[in-house]
Amino acid sequence: MSQRTIDAEPYPLAFQPEATALVIIDMQRDFLEPGGFGEMLGNDVSLLRSAIEPTKALLETARGAGLLVIHTREGHRPDLTDAPPAKLARGHLEVGIGDAGPMGRVLIRGEYGHDIIPELYPAADEPVIDKSGKGAFYETDLDLILNNRGIKTLIVCGVTTEVCVHTTVREANDRGYECVVPSDCVGSYFPEFQRIGLEMIKAQGGIFGWVSDAGRVIEALG
Ligand code: C5J
């Protein structure tokens, strides 16, 4: 196996491309486009769009380098049997999870709004993990897929930084994976959460991961 290094904080991350996966979290219309769940929660969804181009560049490089690429989607079964009542009630939304919105039923599998944006659409051979929670390991087969492929290092992109990206990186860290988050490939509706969320990952000697950026990760994969 070939050993390489990603320039990152708090210190360079050694990795082997064969044992590394790119994981793209929840780049769905429901979070990135007007009329979806993100907007229903009162957010300015345009704030997430800066993550699209750097993630696209990294995705193309990862595909070229032969990395395992995994996509996730947050959402629920049409009958909502996998949606905790507490999640459905949260926020007292006028139009919430399961209700009809401009892009179909909000956060429901199979609906237009639930799918991944065209810029980052999964290739036919790339696993898509449908998750009902914020973390990509919770009640999914992600850990099984990664283990079967001998994956040790995760490059984690997507939205939102302090919610599903953070939860997934924390879950991965507890399972023994080394995670690097490219700062320009993640997005938040709250600029201060974006900044602090990234600080939290790399603080205390990399308490649960590393932070880099698309350019430096692409260089390491090149
Ligand atoms: C949220 C996510 N923010 N994908 N989901 O509810 O971060």
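Side chains are part of it too, since the values below use all heavy atoms of this structure and drop only hydrogens, waters and symmetry mates. Both counts, for ligands and for their atoms, begin at 1 and track the order of listing.
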Is there any protein N/O under 3.5 Å from an N/O of ligand 1, and what does the full list of such pairs look like?
from, atom 1, to, atom 2, distance (Å)
ligand 1, 3 (N), Thr160, OG1, 3.4
ligand 1, 4 (N), Asp26, OD2, 2.7
ligand 1, 4 (N), Val159, O, 3.1
ligand 1, 5 (N), Glu74, OE1, 2.9
ligand 1, 6 (O), Lys134, NZ, 2.9
ligand 1, 7 (O), Thr160, N, 2.9
ligand 1, 7 (O), Thr160, OG1, 3.1
ligand 1, 7 (O), Cys164, N, 3.1

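Between His166 and Phe208, the distance separating the two ring centers is shorter than 6.0 angstrom.
Salt bridge Glu9/Arg216: present, at least one basic N to carboxylate O contact under 4.0 Å.
When the salt bridge (charged side-chain N to carboxylate O under 4.0 Å, His left out) test is applied to Arg49, the partners found at least two apart in sequence or on another chain are Glu119. For Lys152, there are no salt bridge (charged side-chain N to carboxylate O under 4.0 Å, His left out) partners at least two apart in sequence or on another chain.
Thr153 and Glu178 form no side-chain donor-acceptor contact under 3.5 Å, judged by distance and modelled atom types alone.
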Quiz: residues 189-200 side-chain donor-acceptor pairs under 3.5 angstrom, not counting sequence neighbours:
from, atom 1, to, atom 2, distance (Å)
Tyr189, OH, Phe31, O, 2.8
Gln194, OE1, Thr161, OG1, 2.5
Gln194, NE2, Ser183, O, 3.2
Gln194, NE2, Val186, O, 3.2

